[in-house]
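Just below is one structure, and these are the notes that go with it.
No experiment lies behind these values; they were computed from the predicted model shown. The figures that follow rest on heavy atoms only: side chains count, while hydrogens, waters and symmetry mates do not.
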Amino acid sequence: MTMKNIASRARSWPAKAIGAAVLALGATTVAAPAFAWEPTKPVEFVIPAGTGGGADQMGRLLQGIVIKYKLMKEPLIVVNKSGGAGAEGFLAVKEAKGDPHKIIISLSNLFTTPMATGVPFNWKDMTPVAMLALDQFVLWTNVDAPYKTASEYIAATKAAGPNKFKMAGTGSKQEDQIITVALEKATGTKFIYVPFKGGGEVAVQLVGGHVHSTVNNPIEAVAQWRAGKLRALCVFDDERMPFKAKVTDTQSWNDVPTCKEAGVPTKYTMLRGIFMPAGVTPEQLKFYTDLLTKVAATPEWKEYMEKGAFNPTFMTGKPFADWLTAAETTHRTLMSDAGFLASSK
């Protein structure tokens, strides 16, 4: 019965009956089901980096939390696509336009890979879902090396002359090499940059003494730091990491000085975010924003944020899109200063 029908028959109805009819109609309207969406088949979770690194660790933890708390009826399947400094993964998501059964975790290679290679991809080719956190970078050396501080290490590098010390990092013309170039410009040093597929392999190379230093994320080297194999010299930020619980027998993340304190004015933080293909519906996007909000509220996630010394900034919607726009501009400047922009740019 419509409101018009109710009104036309109002004179013949008792007042209570009219009220009951209107309430019944209103209740029917409010209770109309919202056609919520959820996956109907397994969801492919793309990691555009190698196994063992920070992105891989975060992705697999997220997968584990989803399974533990039964946050999805369908399985979330992790697939590493590290080819072309992550381009393989990004292009796979770009080509899956409209497919809500594919998501990807992103680092700042979201910006650096297309800028460095000219691959036809931009973050706007995907749908931003959520910023999970911002990641720090730390200057690491082998614990058996003679230098105890960042200033001592930089002095040793200068004394040795250009291209005598090896800096390992993940990928070429990506975050680790950008930081290395910035470090060189700030200190007058010159490293041999040695790229590897993931942060896990980078840490292993440093422990083995095959390179002199790395700029790995905290989570990528924390196991070796805790085991007494590596030394954390400084963090590439303006402020120390806030976490004061001891990680090693003697040090917390907060005990690691900033590179600025060590006379190295170099700063860089990295995105950890989730994206979907372009062309998905608002209902499909909402499923994943709700899912990730639930993940971020779990004790496992909060513990991971502290152990990995992340900045646990969580962001969705327009604020996240605005952040991405600003970060793209920043990375274009950094890439240009380092001479890493593809000729086509």
* With no hydrogens and no angle check, is any side-chain donor or acceptor of H101 less than 3.5 Å from a backbone partner on E44? -> no

* Structure fact -> Scanning both residues in full, the closest heavy-atom pair of T269 with S108 reads O-OG, 4.4 Å

* Under 3.5 Å, side chain of Q284 to main-chain N/O of V280, donor-acceptor pair present? -> no

* R231 side-chain N/O to Y147 backbone N/O, donor-acceptor pair under 3.5 Å -> yes

* Asked: Closest approach of T266 and C259, non-hydrogen atoms and distance?
  -> O-CB, 4.3 Å

* Derivation and outcome, side-chain contact (heavy atoms from CB on, under 4.5 Å), residues M241 and V138 -> CA-CA 11 Å; M241 294 173 280; V138 171; 4.2 Å; yes

* With distance as the sole criterion, is a donor-acceptor pair present between the side chains of Q57 and Y304 under 3.5 Å? -> no

* With sequence neighbours excluded, give me every side chain to side chain donor-acceptor pair (under 3.5 Å) pair touching residues 232-241. => Q136-D237, D238-K267, R240-E261

* To do: Working to the nearest 0.5 Å, report the span between OG1 of T281 and CG of L285.
  => 8.0 Å

* Asked: With sequence neighbours left out, what residues match T149 under side-chain hydrogen bond (donor to acceptor under 3.5 Å, both in side chains)?
  -> S151

* To do: Tell me yes or no: between the side chains of D255 and S252, is some donor less than 3.5 Å from an acceptor?
  => yes

* To do: Please check if V204 and I219 belong to a single hydrophobic cluster, counting links between Ile, Leu, Val, Met, Phe, Trp and Tyr side chain heavy atoms closer than 4.5 Å.
  => no

* Asked: By ring pair (Phe, Tyr, Trp, His ring centres under 6.0 Å), which residues pair with F165, not counting sequence neighbours?
  -> Y153, H212

* To do: Evaluate side-chain contact (heavy atoms from CB on, under 4.5 Å) for V222 paired with V247, printing each intermediate quantity in order.
  => CA-CA 8 Å; V222 64; V247 179; 3.7 Å; yes

* Kindly indicate, with the supporting measurements, whether the criterion ring pair (Phe, Tyr, Trp, His ring centres under 6.0 Å) is fulfilled by F320 and F275. => CA-CA 11 Å; F320 186 27; F275 292 76; 5.7 Å; yes

* **Sequence neighbours excluded - salt bridge (Lys or Arg N to Asp or Glu O under 4.0 Å) pairs with any residue from residues 190-219** => E184-K190

* Under 4.0 Å between a Lys/Arg side-chain N and an Asp/Glu carboxylate O for D290 and K294? -> no

* Asked: Any idea which heavy atoms bring A130 and T316 closest together, and the distance?
  -> CB-CG2, 3.7 Å

* Asked: Is there a path of hydrophobic side-chain contacts, each under 4.5 Å between heavy atoms of I, L, V, M, F, W or Y residues, that connects F310 with L61?
  -> yes

* **Flag, side chain of T113 to backbone of A85, donor-acceptor distance under 3.5 Å** => yes

* Asked: Hey, what do you get for CE (M270) to CG (D135), rounding to the nearest 0.5 Å?
  -> 4.5 Å

* Beyond-backbone contact of F90 with V119, side-chain heavy atoms, under 4.5 angstrom -> no

* Between the main-chain N or O of G54 and the side-chain N or O of E220, is there a donor-acceptor pair closer than 3.5 Å? -> yes

* Asked: Are N216 and F137 side-chain neighbours, meaning at least one heavy-atom pair lies under 4.5 Å?
  -> no

* **K307: salt bridge (Lys or Arg N to Asp or Glu O under 4.0 Å) partners, not counting sequence neighbours** => E303

* Does a side-chain heavy-atom distance below 4.5 Å link M115 with R332? -> yes

* Structure fact -> What one should report as the nearest heavy-atom pair of N142 and V207 is ND2-O, 3.1 Å

* Asked: More than 12 heavy atoms of other residues, nucleotides or ligands under 6.0 Å from NZ of K244: is that the case?
  -> no

* To do: Kindly compute the distance separating OG1 (T289) from CE (M315), expressed to the nearest 0.5 Å.
  => 15.0 Å

* Can you tell me how far the CG atom of L107 sits from the CG atom of N217, to the nearest 0.5 Å? -> 7.5 Å

* Structure fact -> In terms of heavy-atom contacts, P48 and I105 come closest through CD-O, 2.9 Å

* Asked: Is the closest side-chain heavy-atom distance between W301 and I65 below 4.5 Å?
  -> yes

* Asked: Linking I/L/V/M/F/W/Y whenever any side-chain heavy atoms sit under 4.5 Å apart, do Y69 and F314 land together?
  -> yes

* Asked: Quick one: are V43 and I77 in side-chain contact, heavy atoms under 4.5 Å?
  -> no

* Structure fact -> Tightest non-hydrogen contact, residues L341 and S336, listed as CD1-CB, 3.7 Å

* To do: Please confirm whether the backbone N or O of V235 pairs with a side-chain atom of T258, one donor and one acceptor, at under 3.5 Å?
  => no

* To do: Tell me, yes or no, whether the heavy-atom count around K246 atom NZ, taken from other residues, nucleotides or ligands under 6.0 Å, exceeds 12.
  => yes

* Asked: Going by distance alone, is a donor N or O of one side chain under 3.5 Å from an acceptor N or O of the other, for S172 and Q177?
  -> no

* To do: Verify side-chain contact (heavy atoms from CB on, under 4.5 Å) between L110 and L324, making sure each step is shown before the conclusion.
  => CA-CA 10 Å; L110 177 74; L324 289 165; 3.9 Å; yes

* Are any non-hydrogen side-chain atoms of E95 and L91 less than 4.5 angstrom apart? -> yes

* **Minimum side-chain heavy-atom gap R272-M131 below 4.5 Å** => no

* Asked: Going hydrophobic residue to hydrophobic residue with side-chain gaps under 4.5 angstrom, can you get from V143 over to L139?
  -> no

* Could you tell me whether the side chain of V194 reaches within less than 4.5 Å of the side chain of I192, counting heavy atoms only? => yes

* Asked: Do you see a donor-acceptor pair shorter than 3.5 Å between the side chains of S82 and N80?
  -> no

* Would E74 and K41 pass as an ion pair if we require N to O under 4.0 Å? -> no

* To do: Give, for atom CD1 of I274 and atom CE of M58, the distance between the pair rounded to the nearest 0.5 Å.
  => 8.5 Å

* Asked: Once the angle between the rings of H331 and Y268 is folded into 0 to 90°, is it parallel (under 30°), tilted (30 to 60°) or perpendicular (over 60°)?
  -> perpendicular

* Asked: Run the side-chain contact (heavy atoms from CB on, under 4.5 Å) check on L134 and W323 step by step: do they pass?
  -> CA-CA 12 Å; L134 290 171; W323 186 92; 3.6 Å; yes

* **Residue list, salt bridge (Lys or Arg N to Asp or Glu O under 4.0 Å) with K81, at least two apart or on another chain** => none

* Taking the side chain from K229 and the backbone from D144, do they hold a donor-acceptor pair closer than 3.5 Å? -> no

* Rounded to the nearest 0.5 Å, how far apart are OG1 of T157 and CZ of F191? -> 4.0 Å

